[in-house]
Protein chains: 2
Amino acid sequence: MLNDVSCAQCGLSDLCIPHSLTDEEIIELDETIMRKKPMGRGAALYRQGDRFSSLYAVRSGAVKVYSTDQEGNEQVLAFYLPGEILGMDAIDSKMHASTAKVLETSAICEIPYGSVENLSRLIPNLQVHLYRLLSREIRMDQILQLLLAKNTAEERMSAFLMNLSVRYSQRRLSGTSFNLPMTRIDVANFLGLAVETVSRVLSRMQNRGIIKVKGRDLTIVDKQALCEMAHLRGSDKASTH
Amino acid sequence: MLNDVSCAQCGLSDLCIPHSLTDEEIIELDETIMRKKPMGRGAALYRQGDRFSSLYAVRSGAVKVYSTDQEGNEQVLAFYLPGEILGMDAIDSKMHASTAKVLETSAICEIPYGSVENLSRLIPNLQVHLYRLLSREIRMDQILQLLLAKNTAEERMSAFLMNLSVRYSQRRLSGTSFNLPMTRIDVANFLGLAVETVSRVLSRMQNRGIIKVKGRDLTIVDKQALCEMAHLRGSDKASTH
DNA sequence: CGATTTGTTGATCTTACTCAATAATCGTGG
DNA sequence: CCACGATTATTGAGTAAGATCAACAAATCG
């Protein structure tokens with residue numbers, strides 16, 4: 001395996017499933033990756049309706065993905081954090097059904113999909129790697145679904161925060177103290193809640209000593225309590241049996 | 001391309017992306033597919049915690065996928081209809097994070113994943129096919145997410161019915177008149193609503209002449225109205241700008 | 001520095017959940 | 001085939017949670 005430094009400068013080598021490719025394969029892969037300048041807040045990686053050509057790896061910063069319906073209503077579908085890959089939903093249709101915008105100054109790697117597909121024909125390991133990468137995205141979406149199906153605002157909010165925490169931890173960033181890269185509006189939209197509700201729930205959690213929030217800065221004080229809050233939907237489903 | 005008859009008897013040949021494999025490739029593929037007897041209501045394709053080994057194609061009938069948390073609460077993640085493939089979420093972790101149960105007598109094809117992976121190394125077309133298949137599942141999950149993020153019960157319910165309608169149509173089944181293979185309990189659980197709310201919303205829709213429901217039998221009378229009901233969340237998001 | 005976006009808090013009202021009762025359907029065994 | 005219990009489905013009444021409306025504070029940006 002390559003050392004951390006060389007791993008850190010490429011997009012694919014840390015693509016979610018480490019230790020499944022050899023050094024040679026990683027180097028070959030890295031050559032196909034187009035590095036990009038840092039992108040500023042509001043810049044678009046791709047827009048709804050664009051022809052699909054590349055996957056994108058978030059090196060630093062954060063990206064929000066949303067789709068817009070006929071009436072112009074936006075619906076946030078996902079947030080992508082450092083180390084995560086986006087764009088895989090468009091491989092089939094070859095068309096982006098959503099828009100990806102940078103939330104804060106971010107370093108983004110563009111990975112031309114054609115090259116990856118070709119390379120994967122030559123490197124069996126990469127092929128397996130990609131199947132797993134796609135599968136992992138399916139699993140991620142399922143977890144977000146579990147989150148959205150929760151009934152109360154508190155459950156959704158706590159599940160959302162736990163989800164962010166876990167994802168930051170997985171990338172060796174702090175899982176207990178981090179910066180929310182998105183606005184309350186985005187959070188509310190994503191969770192299917194009103195902005196005011198998001199604000200209120202966060203305040204309530206802070207008053208109970210579970211978290212500490214100051215604008216976008218968030219610290220998880222009582223992880224245990226937050227965890228319990230997230231799935232313990234009380235006794236409704238359990239008691240009906 | 002093979003004719004409809006031979007296509008209809010195998011699991012993979014009609015796997016979502018037709019016309020991307022040659023006849024030879026389809027035949028080679030079919031040989032790896034284990035056919036299964038019809039399975040009865042309540043039978044499990046796999047259970048949460050099982051080691052992953054195969055994908056499953058629904059030939060007829062329907063399957064529900066759900067996960068159970070520590071407290072024993074079930075959360076329905078998806079319903080799979082004829083022509084759809086399930087199990088792809090476990091390729092990465094090699095472990096099923098959910099349980100798949102047959103909702104009504106169904107014909108299911110088991111597709112050993114190892115064989116598919118091996119074959120895809122030999123058949124480049126199949127490789128591309130699989131990438132697209134996985135991508136399509138990601139897209140499907142996104143659409144379900146859009147559905148769950150809707151705020152009102154009516155929006156979720158109508159979006160859900162429209163989703164079923166579209167999926168049945170894609171498989172050349174009637175999109176305007178079909179049988180709901182799942183209980184109201186499952187629908188409610190999936191949509192994050194109370195059972196009573198599901199019942200009430202369906203009754204209300206019927207009274208307005210949008211649909212006709214009699215137990216599990218459902219007919220969409222006014223598709224246009226149902227469509228509008230599904231995303232037109234009124235003026236909240238639009239007017240705030 | 002002023003303007004705009006974003007965030008918080010309060011009051012009111014609507015929606016959907018809960019509890020409860022009843023009806024219909026399904027499945028099973030006599 | 002029908003009777004039985006169990007599950008599933010519908011409808012009503014009361015309540016609680018969250019949306020909406022509104023006012024204001026804080027942060028961001030040009």
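Lettering of chains follows the sequences in order, A, B, ..., and the numbering in each one begins at 1.
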Participant: Under 4.0 Å: is that the gap between some side-chain N or O of B:R41 and OP1 or OP2 of D:dT8?
Facilitator: yes
Participant: Within this structure, what is the NZ-to-C1' distance between A:K150 and C:dC17, rounded to whole angstrom?
Facilitator: 17 Å
Participant: Just how far is it from atom CD of A:E155 to atom CE of A:M229, taken to the nearest 0.5 Å?
Facilitator: 9.5 Å
Participant: Tell me which residues in residues 205-219 of chain B put a heavy atom below 4.0 Å from DNA chain D, sorted by number, or none.
Facilitator: B:R216
Participant: Quick check: are there more than 12 heavy atoms from other residues, nucleotides or ligands sitting under 6.0 Å from CZ of B:R47?
Facilitator: no
Participant: What do the steps show when you test B:F190 against B:Y66 for ring-ring contact (aromatic ring centres under 6.0 Å, His included), and what is the final call?
Facilitator: CA-CA 9 Å; B:F190 177 65; B:Y66 62 92; over 10 Å; no
Participant: Starting at atom CG of A:L180, determine the distance to atom P of C:dT6, rounded to an integer number of angstrom.
Facilitator: 15 Å
Participant: Grab the CZ-P distance between B:R204 and C:dT14 for me, whole Å please.
Facilitator: 14 Å
Participant: Looking only at heavy atoms, what is the nearest atom pair of B:R184 and B:G215, with distance?
Facilitator: NH2-O, 2.7 Å
Participant: Under 4.0 Å from any atom of DNA chain C, heavy atoms only: list the residues of residues 195-203 of chain B that qualify, in numerical order.
Facilitator: B:E196, B:T197, B:R200
Participant: Mind telling me whether B:F52 and B:H96 have parallel, tilted or perpendicular rings, with 30° and 60° as the class edges?
Facilitator: perpendicular
Participant: Over all strands shown, is B:G40 touching base, sugar-phosphate only, or nothing at heavy-atom distances under 4.0 angstrom?
Facilitator: nothing
Participant: Quickly work out the B:R184 CZ to D:dT11 C1' distance and round it to whole Å.
Facilitator: 14 Å
Participant: Within the structure shown, what part of the strands sits under 4.0 Å from A:G192 by heavy-atom distance: base, sugar-phosphate, or nothing?
Facilitator: sugar-phosphate
Participant: Checking salt bridge (charged side-chain N to carboxylate O under 4.0 Å, His left out) for the pair B:E84/B:R167: CA distance, chi angles, key distance, verdict?
Facilitator: CA-CA 9 Å; B:E84 299 178 338; B:R167 286 158 67 193; 2.9 Å; yes
Participant: What is the separation between atom CD1 on B:I185 and atom P on C:dC17, rounded to the nearest whole Å?
Facilitator: 15 Å
Participant: State the OH-OH distance between B:Y56 and B:Y80, to the nearest 0.5 angstrom.
Facilitator: 13.5 Å
Participant: From the options C:dC17, D:dT8, D:dT20, select the nucleotide whose nearest atom is closest to the side chain of B:A194.
Facilitator: C:dC17
Participant: Is it true that, when you exclude B:K94 itself, more than 12 heavy atoms of the residues, nucleotides or ligands shown sit nearer than 6.0 Å to its NZ?
Facilitator: yes
Participant: What bend angle does the helix from C:dC1-D:dG30 to C:dC26-D:dG5 show across its length, from five-pair end axes and to the nearest 10 degrees?
Facilitator: 60°
Participant: How far does CE of A:M162 sit from CG of A:L164, to the nearest 0.5 angstrom?
Facilitator: 10.0 Å
Participant: Whole angstrom is fine here: how far is it from CG in B:N179 over to P in C:dT25?
Facilitator: 13 Å
Participant: Any ion pair linking A:E154 and A:R208 (charged N to carboxylate O, less than 4.0 Å)?
Facilitator: yes
Participant: Starting at CD of B:E104 and ending at P of C:dG27, how long is that distance when rounded to a whole Å?
Facilitator: 11 Å
Participant: Ignoring hydrogens and geometry, is there a side-chain-to-backbone donor-acceptor pair from B:S135 to A:I91 under 3.5 Å?
Facilitator: yes
Participant: Check the distance between D:dA27's C1' and A:M182's CE and give it to me in whole angstrom.
Facilitator: 18 Å
Participant: Does this structure show an ion pair linking B:K36 with B:E110, if we count only N-O contacts that are shorter than 4.0 Å?
Facilitator: yes
